[in-house]
Amino acid sequence: MATDVFEKQTMLVLLILLPLFLGASMQRTTTPAIRHVLRGWFPNACTLVICTPPETQERHQGTTIIGLPAVQELRGEKGDSNNPEFEVLQTQIRDLQTQLDVLKAFIIKTQQVLLTPHGVIVGEKIFKTDGTRGDYNAGRATCSHMGSTLAVPRDAAENSAVQQIVIWHNANALLGINDMATESKFEDLNGNVIGYSNWAPGEPNNKGNEDCVEMHPDGKWHDRGCLLEQLIICEF
Ligand code: MAN
Ligand code: CA
């Protein structure tokens, strides 16, 4: 019985001392700013955890820059655009967009100047020649030395890009396509059957055994002998 009373008294003392102990240990381990928040029974415990507004970032994906408040936040709950900070940001974004457009146009112009008449950019591909001529094996070696491969137009846009170089040089160009393995089965340099072609009427005719392919200034393809020397165009 006496032990029971003693145990109850001990529990009571512990319950009274526990908050005091917790408060003291927080005082030691936290910064003054956090201590301010922790004072008493941690009334704002949630503010310790929420550092950024993830909900806002999800809602405005693509417009929120990490570390900066979301545009919606600056604007205010009711879409109030009178917030001066928001107005300043809007102006800055507009100015940056204008500068970006000018820069893009300049880069495109610079590329044109640097590449003409030897190369063209199409999508993520660049077709380029160093102006030399050679047969199929020489063409492969030349492109390989430049860390590239003989040109293989994969669609109409790429074909037009190669055609542009062919027109500039006024010479038929060698493509990285052949039917050496199986007659009439034209493959790229990886041995894959080509999915796009732009044969001239009557081609491929394999006249006298023609296993290689060249492009003429009209953009059309002809099968030709692999020992003929043509303009070498590579793709990067
Ligand atoms: C033309 C075209 C070619 C063909 C040669 C052969 O130039 O038809 O494709 O192979 O003649 O001389
Ligand atoms: Ca032919």
Side-chain angles (χ1 to χ4, degrees), residues 62 97 99-236:
Q97 190 60 58
Q99 287 176 28
L100 207 60
D101 289 344
V102 171
L103 202 62
K104 266 191 220 163
F106 185 74
I107 288 172
I108 290 169
K109 209 160 36 176
T110 309
Q111 282 173 340
Q112 266 177 305
V113 172
L114 290 177
L115 288 174
T116 308
H118 299 300
V120 176
I121 296 180
V122 52
E124 289 175 13
K125 214 183 241 191
I126 299 177
F127 292 106
K128 195 172 181 296
T129 179
D130 65 356
T132 59
R133 289 162 194 250
D135 63 13
Y136 182 73
N137 284 335
R140 289 192 66 165
T142 301
C143 292
S144 170
H145 286 149
M146 293 194 274
S148 62
T149 48
L150 272 172
V152 180
R154 302 285 182 182
D155 54 36
E158 291 193 5
N159 203 72
S160 301
V162 177
Q163 184 188 358
Q164 219 170 314
I165 303 172
V166 169
I167 291 171
W168 283 328
H169 286 259
N170 193 27
N172 299 336
L174 198 58
L175 300 180
I177 298 168
N178 69 76
D179 69 341
M180 289 172 190
T182 310
E183 182 52 41
S184 298
K185 208 174 115 189
F186 286 88
E187 300 175 344
D188 62 19
L189 299 168
N190 298 319
N192 298 317
V193 174
I194 52 168
Y196 168 83
S197 62
N198 194 34
W199 299 111
E203 300 289 331
N205 56 6
N206 195 34
K207 206 169 171 186
N209 191 28
E210 299 172 313
D211 288 346
C212 286
V213 180
E214 66 183 33
M215 183 191 285
H216 287 206
D218 63 357
K220 295 293 181 187
W221 301 4
H222 296 241
D223 60 345
R224 294 302 303 272
C226 295
L227 296 176
L228 292 172
E229 298 203 338
Q230 313 288 12
L231 178 68
I232 297 164
I233 299 178
C234 310
E235 65 174 48
F236 297 82

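Note: hydrogens, waters and symmetry copies are ignored here, and every other heavy atom, side chains too, is used. Counting starts at 1 for both ligands and their atoms, following the listed order.
- D179 contributes no side-chain N or O that, together with a main-chain N or O of F186, makes up a donor-acceptor pair within less than 3.5 Å.
- The protein atom (non-hydrogen) at minimum distance from atom 7 (O) of ligand 1 is R224 NH1, 4.2 Å.
- Ring orientation note: the planes of H118 and H169 are tilted relative to one another, at an angle of 30° to 60°.
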- Task: Assess whether side chain to side chain contact (heavy atoms under 4.5 Å, CB included) is satisfied between I233 and K128, documenting all intermediate values.
- Result: CA-CA 6 Å; I233 299 178; K128 195 172 181 296; over 6 Å; no
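- Set against the non-hydrogen atoms of H222, the atoms of ligand 1 under 4.0 Å away are 2 (C), 3 (C), 9 (O).
- For atom 9 (O) of ligand 1, a protein non-hydrogen atom is found at a distance below 4.0 Å.
- With respect to the salt-bridge test (charged N to carboxylate O, under 4.0 angstrom), the residues R154 and D188 qualify.
- Of all atoms in ligand 1, numbered sequentially from 1 with element shown, those under 4.0 Å from a heavy atom of D223 are 9 (O), 10 (O).
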- Go through E187 and N192 one step at a time and tell me if the side chain to side chain donor-acceptor pair (under 3.5 Å) criterion holds. CA-CA 5 Å; E187 300 175 344; N192 298 317; over 6 Å; no
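- When each of Q230, E214, E203 is tested with R224 by the rule side chain to side chain donor-acceptor pair (under 3.5 Å), just one qualifies, namely E214.
- If you check the side chains of N159 and W221, you find a donor sitting under 3.5 Å from an acceptor.
- Closest protein heavy atom to atom 3 (C) of ligand 1: E203 OE2, 3.4 Å.
- Scanning the protein heavy atoms around atom 4 (C) of ligand 1, the nearest turns out to be E210 OE2, 3.4 Å.
- Around the Ca ion (ligand 2), protein N, O or S atoms at less than 3.0 Å comprise E203 OE1, N205 OD1, E210 OE1, D223 O, D223 OD1.
- Within 4.0 Å of atom 1 (C) of ligand 1, not a single protein heavy atom is present.
- Ionic pairing of R133 and E229 is not present here: no N-O contact between side-chain nitrogen and carboxylate oxygen is shorter than 4.0 angstrom.
- A donor-acceptor contact shorter than 3.5 Å links the side chain of D223 to the backbone of N205.
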